[in-house]
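Index from 1, following the sequence.
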Amino acid sequence: MAVTLLVLPLLGSLGLVLGPTGASPAQAASGCSGRLAKSVTFSTGTLRVYKTRSYACAVTVASKPGARRSMKVSLQPRGGSAVVDSGRFTQLAGPVKVHALNRCVRASGSVGGSSASTGWILC
C-alpha cells in the first residue's frame, strides 16, 4: 500500500514533464495543431487540413521526400483571401493558417504536376 502511494504521484509527475502524448507523428511533422479534419491523397502527395475551434490549418506533404520540387498549399476561408505557401521544397509545403470560426474553408495542394483540392469543408 505504501509503495502504491509513492509510485502514483511519481507517474503523474512524469506525465507532466513529458507532456501530452496525443499528437500523432504526422501532426507533429506538419506544424498544424488541432484534429485532422480532411486528408486527400493524390499520386505525388497528400493534402491535410486540420481544425481547432477557431482556426483551420493546411499542409501538403510529398509522398516521396527527397529532391526539391515545386510544391504548393492554399487555404481560403469563405468570403476571405487565400493564404498560399509555394516554392521548391523537399518534403512539405505549409503550414498555412486562417481564422475559420463558423466559416467554411477550401484547400488545395500540389506536388510536382499532380494536385488535389477539398471543395468547401468544415461548414
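Under the 4.5 Å side-chain contact rule for hydrophobic residues, Leu122 and Leu47 share a cluster. Each of Val61 and Val49 belongs to its own hydrophobic cluster when Ile, Leu, Val, Met, Phe, Trp and Tyr are linked at side-chain heavy-atom distances under 4.5 angstrom.
Here CG of Leu36 is found 13.5 Å from NZ of Lys51. Values are rounded to the nearest 0.5 Å. Note: Met71 CE to Leu92 CG = 6.0 Å, rounded to the nearest 0.5 Å.
No donor-acceptor distance shorter than 3.5 angstrom exists from the side chain of Arg48 to the backbone of Ser39, with no hydrogens or angles considered. Not one N or O on the side chain of Lys38 forms a donor-acceptor pair closer than 3.5 Å with the backbone of Ala107.
Applying the side-chain hydrogen bond (donor to acceptor under 3.5 Å, both in side chains) test to pairs two or more places apart or on separate chains, none has a residue in residues 52-62. Identified under the ring pair (Phe, Tyr, Trp, His ring centres under 6.0 Å) test for residues 68-88, with sequence neighbours left out: none.
Cys57 has its side chain out of reach of Val96: every pair of non-hydrogen atoms, C-beta onward, lies at least 4.5 Å apart. The shortest distance between side-chain heavy atoms of Val40 and Thr46 does not fall below 4.5 Å. Using a 4.5 Å heavy-atom threshold, the side chains of Pro65 and Thr90 count as separate.
Minimum heavy-atom separation, Leu75 to Ala58: CD2-N, 3.9 Å. The minimum heavy-atom distance between Gly34 and Tyr50, with the atom names listed, is O-CD2, 4.0 Å. Minimum heavy-atom separation, Pro95 to Gly31: CG-O, 4.1 Å. Contact record, Arg103 with Arg78: NH2-O, 3.0 Å, taken as the closest heavy-atom pair.
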Pairs under 3.5 angstrom only: tabulate donor-acceptor contacts from the side chains of residues 108-115 to other protein residues two or more places apart or in another chain.
{"from": "Ser114", "atom 1": "OG", "to": "Ser43", "atom 2": "OG", "distance (Å)": "2.7"}

Sequence neighbours excluded and cut-off under 3.5 Å, please list the side-chain donor-acceptor pairs for residues 81-89, or say none.
{"from": "Asp85", "atom 1": "OD2", "to": "Gly94", "atom 2": "N", "distance (Å)": "2.7"}
{"from": "Arg88", "atom 1": "NH2", "to": "Arg68", "atom 2": "O", "distance (Å)": "3.2"}

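Remark: Arg106 pairs with Gln76 by the side chain to side chain donor-acceptor pair (under 3.5 Å) rule, at least two apart or across chains. When the side chain to side chain donor-acceptor pair (under 3.5 Å) test is applied to Ser63, no partner is found at least two apart in sequence or on another chain.
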